[in-house]
Amino acid sequence: MLELIILAPLLCGILAYALSRFFGIRAAELSALLGASLSVAFSAIAINGLISGGQPLTSLWGILYMDSISAIFTGLTAVVSFTVVIYSIGYIRKEIEHGEVQEARAGLYYTLLSIFLSTMLTASLATNLILVWAAIESTTLACAFLISFYNRRESLEAAWKFFMINSVGISLALVGMLIFGVSLARSGETVNLDIPSMLSSVSAVDPVLLKIAFVIVFVGYGTKVGIVPMHTWLPDAHGQAPTPVSALLSGVLLNIALYGILRIYQIALAVEGVASFASSILVLFGLVSLGFAAMRLFYQANMKRMVAHSSIENMGMVVLALGIGGPLGLFAAFLHMIAHSLAKPLVFMLGGVVSLAYGTKDTGSIRGVAAAMPVFGILFIIALLGISGGVPFAMFFSEIMLVGAALSAQNFAVAALVIIFITIAFGTMLYKGGNMVFGEKPQGMAEFKPGAAMSIAIALLFLLSVYLAFGAPAQVFSLIESSAKLLAKGA
Amino acid sequence: MALSLSTIGLALAQILFVLLFSPLVIGVIRKIKARFQARLGASVFQPYFDIGKLLMKGSVKSNVASWIFELSPAVNFAAVVAAAAILPLFSGEGILSSSNLLLFVYLFAIGRFFMALSGLDAASSFGGLGGSREMLLSAFLEPAMMVVILFLAVFSSGAMDISAFAAHTAALWPAVLLYPPHLLSALAFIILLFAEMKRMPFDNPATHLELTMIHEAMILENSGPGLALLEWGNAAKLVVLSSLFGIIFLPVSLLWQNPLLAFVALAGISLAMGVLIAFVESIIVKVRLFRVTELLMFAFIVALLAFFSLPYQTGEGHGSVVALLAFVMLLSMLFFMMSATFTRRLKLFLINSTALALLLFLVALSEPGVDSYFRLGSTIVLKLVLAPALLYFLFQRISKPERKDMVEQASYRKEEFRGMLAYDPVFMTHASILTTFTIAAGLILLSFVVSTAFGIHDVMVPITISITLIGVLIIAIKPHIILQLFGLLMLENGIVLLPVSLSLHIPLLVEAATLLDALVLIAVAVALAFKTRETMGTLDSRELDELSER
């Protein structure tokens, strides 16, 4: 079952390239869409099986594994990618119309997108942590080419920056993993980094080595998550990639890298003496990321770079919530992550529509979106405020929970800082978003019709975001709760 | 130890050996160099005649020179003779109760001090130049020598006594021949010997070019007997240092029961050192004066590495060869930062990968298993064949002027290099080599400190961490994508090494996954590089600066 989740987009992606050669771009679109929807369907079946069975699933001779933590990541990846593929259909057609992309290369785009999706799903489903690592690294393959898809100077620079910084980061992560392996097994034994057996051998862990391993892994994967001192690639990559790819990077890739950290954090929490050390590292870096990104938000002239900084801010918040811990903190972390993954692609998609309509990404020269495109304009401002903690999205609740968790952990300074940073971020978004959305629309602006595909994707994500906040099914919350429990087992 | 007749006799014999034998070594060096240059060359005994001739001549002295100028050759000569007298060369018993190695360093320092003064004293501009250059060199040479001495002191767990060093080396013979720290400090010692002797690549003794000369500049004003003493003293210094090398790093002290055999051995070692010098001088060129300090810094790091790895286990037989190969990998990366042409960098990368492959081969021999063979095979295919071939291919495809920058650094003088953190066109780095080496030394220290702090006893672990960190350093300082890729690949080599150093057994599946990743890495890098070249026409990453936030 689990292997089908991965194989569907992979095979359909390869098929997309072949089909685009013979039947043109329509066939490639359909094939990619088929792959993404199949992976949504299969993961829904698998998650349903997990919830009803209550036991982790394994598959493919134990290579693949799904507990509630991986279920959250897998489901989220599949759903968000599905909407991104829908959006891509509209977006890439527009880009072909504008002459930014040659039609012959569009097939390649869908292939890369599907491979990217499949590698991320592999990361969230692999049993062995080294395999998780390998999958996270191989996301680089498709991702580097997706970022540089326009073949412009800037996009190539962004791709190089992404490639170099992340390759170093991911190499460090492997170093950390291997040290982690040593902390589990005495020398001479075969290292077993399978998640289930790892969890059962917690008692034999060497705490000192685990501390080193955790720091190195955190720095390594943290690079890909966009934790602040290692975040430099992130605004560039998000700013230069085609909009659907930016959506995917922000909504999914950052989570997948966080998943790598999470699995080690899970062990760290179960070991006495390491738990508080690991938590305080997460709190520190989460706070730094949150604060730094909130401050930098104002200075971003490029709309996509601005949204990218908001991703750093939100990931910082997730990391912070994980670090604060406790049932409330962990619940807030997962909820915030899910809400962010749904809302951030939405913002990118809306931003993509806006920049296609205005022909620029400069926040200073976009004016009167609400007047030009009433529906998209209103959605845009709602989404922009939503990703900074505005009401109709679940981030509002998760941020309140985060502050609550900090307060209940007697961590008043952190709570105060979080409130300050959130306020700064929200204010900036309100100011910049308001400037873009309200006011007179420019004279003589051509009418812009986003088309069905883009509209459907946007509607889908918006509804999902609101649904998560106000009417999500109990299954989602039970998944989050059991994940938080899994994570905090030892703590 | 009392001054007995026999010890005085031995001391006299040592002085005679050093003084009478040393011109021959110089003669041999000159003969070999002449043959390399397709000349017949003078007889090997020519230096004797030269010294004799000079001693019989009168001397001329500048009318502003003081007594220092007249005294300096004698002081220099006396320092070397004193060193020869108190060294335990032919027997464990010298005329001093303890022959402290520091004493030798400072005996030579006295000579150097007077030489620099006398260079100034003659009031010729060259003398002052030479003196200041000499002092610049010694500022880098002496700390490195100090680290070597510290290593020896800790290694033989005694004082700074040369006899103790010798006894320790002899006691561990021949296992010490494979002991990596011992070999590293021997390497550092030889580099320092070249610097102390003012041989190429530090200084060219055969030229009087004012731009480069160091030693020759100081003695330019000397003539007659003074010059003879200087030349002779310098020749004697070579024999003293070579003999010191022989007793400290080679087991000559095993022959101390029979002074005659020890004499033969030391004479042989001195001649061998002469031959080595002649070969080195014939195949390499002198480096620019400002680069001399970098080479000494390299020796310093090598000595530091030896010192740091002392408390660690390096394994025996097999294991020590493995450790040695890991050190070779690290040193090749340090050299990489110092090298200026693409071909040399490619060669150093190949050395790095070959060392890794050999290391994995040894590991596979001792721990046969599918995963060992798989790791070895994939390393050979990827790192020794595929990656270098692709990088070479990439290099062939970049534009001609850019290629020229990477091949003929001399032609690239447009931006003169200034300061610690500016672009250096010769080595194509963002930081000077000295700065880089200082950072590298810091990183190496860090990896050793961390390993010690966490109770790791195998030297492979800190070395592997150093390799990884220095790979990151190379990526950070190099402004060209091809060079950054070299750094990335060497970093990867370190990571391949890590499971071996931690003696981890990894399942084959995981092994395959990491192999896949290396492939992905190389493929993405090369494909992206080609795309970049098509779009931008260059792979110089300084051109990629559109997105920097200012």
Side-chain angles (χ1 to χ4, degrees), chain A residues 63 126 128-138 140-145 148 151-161 163-165 167-168 170-172 174-175 177-179 181-182 185 187-194 206 208-209 211-212 232 235-236 239-240 296 299-300 302 305, chain B residues 371 450-451 453-456 458 461 464-465 468-469 471-472 475-476 481 484-485 487-488 491-492 494-496 498-499 501-507 509-521 523-525 527-529 531-536 539 541 543-549:
Chain A
I63 291 178
N128 193 300
L129 276 194
I130 304 277
L131 216 55
V132 174
W133 173 85
I136 292 181
E137 159 127 20
S138 42
T140 311
L141 171 69
C143 199
F145 292 114
S148 65
N151 272 350
R152 288 192 294 246
R153 284 178 79 97
E154 297 87 1
S155 55
L156 278 168
E157 180 185 343
W160 271 116
K161 221 166 167 179
F163 173 74
M164 278 294 173
I165 296 177
S167 299
V168 172
I170 216 85
S171 303
L172 283 183
L174 181 61
V175 172
M177 283 301 175
L178 291 173
I179 295 177
V182 179
S187 71
E189 286 173 42
T190 299
V191 166
N192 194 344
L193 285 177
D194 290 351
D206 179 339
V208 180
L209 281 176
K211 275 186 195 174
I212 320 180
T232 46
D236 294 345
Q240 293 305 321
R296 292 293 300 170
Y299 301 97
Q300 302 306 322
N302 181 321
R305 287 182 77 94
Chain B
D371 54 337
V450 168
S451 308
F454 292 110
I456 289 163
D458 191 343
V461 178
T464 312
I465 298 177
T468 316
L469 290 177
V472 178
I475 297 175
I481 283 171
Q484 290 172 344
L485 289 181
L488 193 62
L491 184 157
E492 267 271 303
I495 287 177
V496 172
L498 194 64
S501 336
L502 294 171
S503 53
L504 281 180
H505 291 263
I506 305 185
L509 173 75
V510 176
E511 203 70 73
T514 46
L515 168 72
L516 181 81
D517 276 310
L519 262 175
V520 165
L521 206 80
V524 173
L528 213 52
K531 260 176 107 171
T532 311
R533 193 193 61 85
E534 257 171 47
T535 314
M536 325 231 320
L539 286 179
S541 54
E543 301 283 323
L544 298 167
D545 61 350
E546 314 251 335
L547 297 175
S548 330
E549 284 181 31

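Quick note: numbers below take in every heavy atom, side chains included, and nothing from hydrogens, waters or symmetry partners. Each chain gets a letter, A, B and so on, in the order the sequences are listed, and its residues count up from 1.
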Exercise. Which residues pass the side chain to side chain contact (heavy atoms under 4.5 Å, CB included) test with B:Leu515, sequence neighbours left out?
Worked result: B:Phe374, B:Ser378, B:Leu382
Seminar exercise, completed: Residues B:Thr532 and A:Trp160: closest non-hydrogen pair is OG1-NE1, 2.7 Å
Exercise. Can you say whether A:Tyr299 sits under 4.5 Å from chain B via the side chain, the backbone, both, or neither, judging by heavy atoms?
Worked result: neither
For this session: Please tell me if the side chains of A:Phe163 and B:Ile481 come closer than 4.5 Å, counting only heavy atoms from C-beta onward.
Result: no
Problem set entry | Qualifying residue for side chain to side chain contact (heavy atoms under 4.5 Å, CB included) with A:Ser171, from B:Val472, B:Ile495, B:Thr468 | B:Ile495
Seminar exercise, completed: Comparing B:Ala523, B:Ala525, B:Pro499 against chain A, the one with the most heavy-atom pairs below 4.5 Å turns out to be B:Ala525
For this session: Counting only heavy atoms closer than 4.5 Å, note whether B:Ala512 contacts chain A via side chain, backbone, both or neither.
Result: neither
Exercise. With only heavy atoms counted, which part of B:Ala453 is less than 4.5 Å from chain A, the side chain, the backbone, both or neither?
Worked result: neither
Exercise. Relative to chain B, which segment of A:Ile170 carries a heavy atom at a distance below 4.5 Å: side chain, backbone, both, or neither?
Worked result: neither
Exercise. Which heavy atom of A:Asn151 sits nearest a heavy atom of B:Thr535, and at what distance?
Worked result: O-CG2, 3.1 Å
Problem set entry | Sequence-distant partners of A:Ser155, side chain to side chain contact (heavy atoms under 4.5 Å, CB included), two or more places apart | A:Tyr150, A:Arg152, A:Gln240
Exercise. For the atom pair CD1 (A:Ile212) and CD1 (B:Ile465), what is the distance rounded to the nearest 0.5 Å?
Worked result: 7.5 Å
For this session: With a 4.5 angstrom heavy-atom cut-off, could you sort out which part of B:Leu485 is near chain A: side chain, backbone, both or neither?
Result: both
For this session: Identify the heavy atoms of A:Leu156 and B:Lys531 that sit nearest to each other, and give their distance.
Result: CD1-O, 3.9 Å
Problem set entry | Part of B:Leu528 within contact of chain A (heavy atom distance under 4.5 Å) | both
Exercise. Rounded to the nearest 0.5 Å, how far does CG of B:Leu488 lie from OG of A:Ser167?
Worked result: 5.0 Å
Problem set entry | Selection from A:Leu174, A:Leu172, A:Val208 maximising heavy-atom pairs under 4.5 Å formed with chain B | A:Val208
Exercise. How about A:Glu137 and B:Leu521: do any of their side-chain heavy atoms sit closer than 4.5 Å?
Worked result: yes
Exercise. A:Val175 pairs by side chain to side chain contact (heavy atoms under 4.5 Å, CB included) with which of B:Leu469, B:Leu491, B:Leu498?
Worked result: B:Leu498
